[in-house]
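See structure below.
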Amino acid sequence: MSDPLNKVLEVLSGEEDASTERLFEIIRIPSISTDPAYDDACKDAAEWCADKLGEIGFDASVRPTTGKPMVVGHYTSSNGRASPHVLFYGHYDVQPADPLDKWDTPPFEPQLKDDPKYGSVISGRGASDDKGQFMTFLEACRAWHDATGDLPVSVSVLIEGEEESGSPSLAPFLEANRDELIKDFALVCDTGQWDADTPAITTMLRGLCSSEVVVTGPSRDLHSGMYGGAARNPIRVLTRILGSLYNENGAVQIPGFYDDVRPLSPDQQDQWNALDFDTAQFLGEVGLKLPAGETGRGVLEQLWSRPTAEINGIIGGYTGPGTKTVIPSKASAKLTFRLVPDQDPDKVVSGFKEFVMSRLPDDCSAEFLPGQGSPAVGFDTTGPAFRAAAGALADEWGKQPVFMGCGGSIPIVESFKSQLGMESLLVGFALDDNQIHSPNEKYNLTSYRKGARSWARILDNLSNM
Ligand code: BES
Ligand code: MN
Ligand code: MN
């Protein structure tokens, strides 16, 4: 281990309480990007990030966009080498905290709690996704700076505030700031580990696209005694169509849906099989036991290499207390589709529209509200940066990292590749049971500590690349 790295790890140990307090500060800012009521909080969160970067010697600023502000910072290492210069990415925005009554303690009042399984955990919205995660990197930079007065490689940082709401102002921002943002590669801390003891590097992300369909039947809400039996109910029309989205084997029935999906290579299949994934435990933890995806495919294959059509919400008719004998005029549903490499988001959404239209009775109409789309992305796993990160993770965790797929999506990472021609390296420390996007989100204190130590080591390895 290099001498400076030793010192950096010592600084991290000495700074533990202060480091936890810094994370608490940013969790206290309710930066919910989908809800305009929290616009000011998003600005505050961006300012906070820029301030903290400034403290560690970054030339950092808050950049307004048509949506939430971006935070950009640059640090030129005095190591005298031009490369690698890395771009670190994270997001300061969080998902809404509802349902609030399901939280044991308030979402924006972070606390350390005793956890029977993990010892100490940090609770709060964003504790894991992505505040705890991006802070592991900032804390590593801070420790390098405190211990050595410098960073071992040049680092730029981009922290966005719209990740959880589809990053609408991202593409124009990347376009307008290409030269400033294109670095040798991106480092991203927004994914998970294999398990609590085993680090991971994520090698692909699924893409995402969405559609909202509104079916109209009668021209107004009707009394179901006067019209019931004769008039068509749009909820019935919609649910019948949605019910026919899958066949009895869990396969999506939209014509052409799987056309562009690559078959899983035998090598990939073998690597994933060797991971010995525990399906019963995975489903058991959320109160389920029967895998509900395509029959004949393992859960990892379903999550990491197959697309989905998910109904996220259905709205229609009377849902208040008691009964109301009504045939509603409209019914609607929100859907999202997880995509795998080579699938085109627009094509998938058009396929869904045609699927609905071809099943719609003549006296009903359907309207489709526009959504966002971002394709899946796979990463280079053969380059020196990948090896540098794998080695650093093995040093910290005492085990080789697992190379994982990821069922989730981080739209910007695909844009880094397609818009800026930049590869990404995804290392994260979240666990499946961190309850991200759910009540009682948490981040293990060990994830936070060892995450920062891991980045400290990765930066050291990158400087010797
Ligand atoms: N950090 C997640 C992505 C993720 C989820 C990585 C699970 C690893 C495991 C990210 O913040 C996220 O929630 N992405 C959204 C994207 C959407 C809102 C555009 C997602 O995947 O639903
Ligand atoms: Mn995230
Ligand atoms: Mn998220």
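Keep in mind that what you see is a predicted model, and the values were worked out from it rather than measured. Read the numbers this way: they start at 1 and go in the same order the structure lists the ligands and their atoms.
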With a cut-off of 4.0 Å, which atoms of ligand 1 are near a heavy atom of Leu208?
17 (C), 19 (C)
Nearest protein heavy atom to atom 10 (C) of ligand 1, by residue and atom, and its distance?
Glu163 OE2, 3.2 Å
Can an N or O of Ser165 be found at a distance shorter than 3.5 Å from an N or O of ligand 1?
no
Enumerate the protein N/O/S atoms at a distance below 2.8 Å from the Mn ion (ligand 3), ignoring waters.
Asp129 OD2, Glu164 OE1, Glu164 OE2, His437 NE2
We want to know whether Arg338 and Thr336 form a side-chain donor-acceptor pair, criterion being a heavy-atom distance below 3.5 angstrom.
no
Quick one: closest heavy-atom pair of Trp103 and Ala97, and the distance?
NE1-O, 2.7 Å
Indicate the ring-plane relationship of Phe257 and Phe337, choosing parallel, tilted or perpendicular according to the 30° and 60° boundaries.
tilted
Tell me the protein heavy atom at minimum distance from atom 7 (C) of ligand 1, and give that distance in Å.
Ile436 CD1, 4.1 Å
Quick one: does His91 get within less than 4.0 Å of ligand 1, heavy atoms only?
yes
Would you check if the side chain of Asn440 reaches a backbone N or O of Ser123 as a donor-acceptor pair within less than 3.5 Å?
no
Please confirm whether Phe282 and Phe277 have ring centers closer than 6.0 angstrom.
yes
Counting heavy atoms only, which of Gln95, Glu164, His437, Arg338 comes nearest to atom 22 (O) of ligand 1?
Arg338
Between Arg262 and Ser305, is any side-chain donor less than 3.5 angstrom from a side-chain acceptor?
no
Take Phe386 and Phe403, measure what ring pair (Phe, Tyr, Trp, His ring centres under 6.0 Å) needs, and give me the verdict at the end.
CA-CA 10 Å; Phe386 196 88; Phe403 302 144; 4.9 Å; yes
Hey, what's the ring geometry for Trp455 with Phe429, parallel, tilted or perpendicular (30° and 60° as the breaks)?
perpendicular
Is it true that Glu310 and Arg206 make a salt bridge, defined as a side-chain N closer than 4.0 Å to a carboxylate O?
no
Below 4.0 Å from ligand 1: does a non-hydrogen atom of Asp130 turn up there or not?
no
Could you give me the CA-CA distance, side-chain angles and deciding distance for Ser19 and Glu15, then say whether side chain to side chain donor-acceptor pair (under 3.5 Å) is met?
CA-CA 6 Å; Ser19 163; Glu15 274 283 292; over 6 Å; no
Compare every heavy atom of Ser438 with every heavy atom of Arg125, then report the nearest pair and how far apart it is.
NH1-O, 3.0 Å
Side chains of Arg306 and Val261, heavy atoms from C-beta outward: is any pair under 4.5 Å?
yes
Under 4.0 Å, heavy atoms only, figure out whether ligand 1 is touched by the backbone of Asp129, its side chain, both or neither.
side chain
Give the contacting part of Thr202 toward ligand 1: side chain, backbone, both or neither, where contact means a heavy-atom distance below 4.0 Å.
neither
Of all protein heavy atoms, the one nearest atom 6 (C) of ligand 1 is Asp190 O, 3.3 Å
Numbered atoms of ligand 1 (with element) below 4.0 Å of Cys406, judged on heavy atoms
6 (C), 8 (C), 9 (C)
For atom 3 (C) of ligand 1, what's the nearest protein heavy-atom neighbour? Residue, atom name and distance, please.
Ser409 O, 3.6 Å
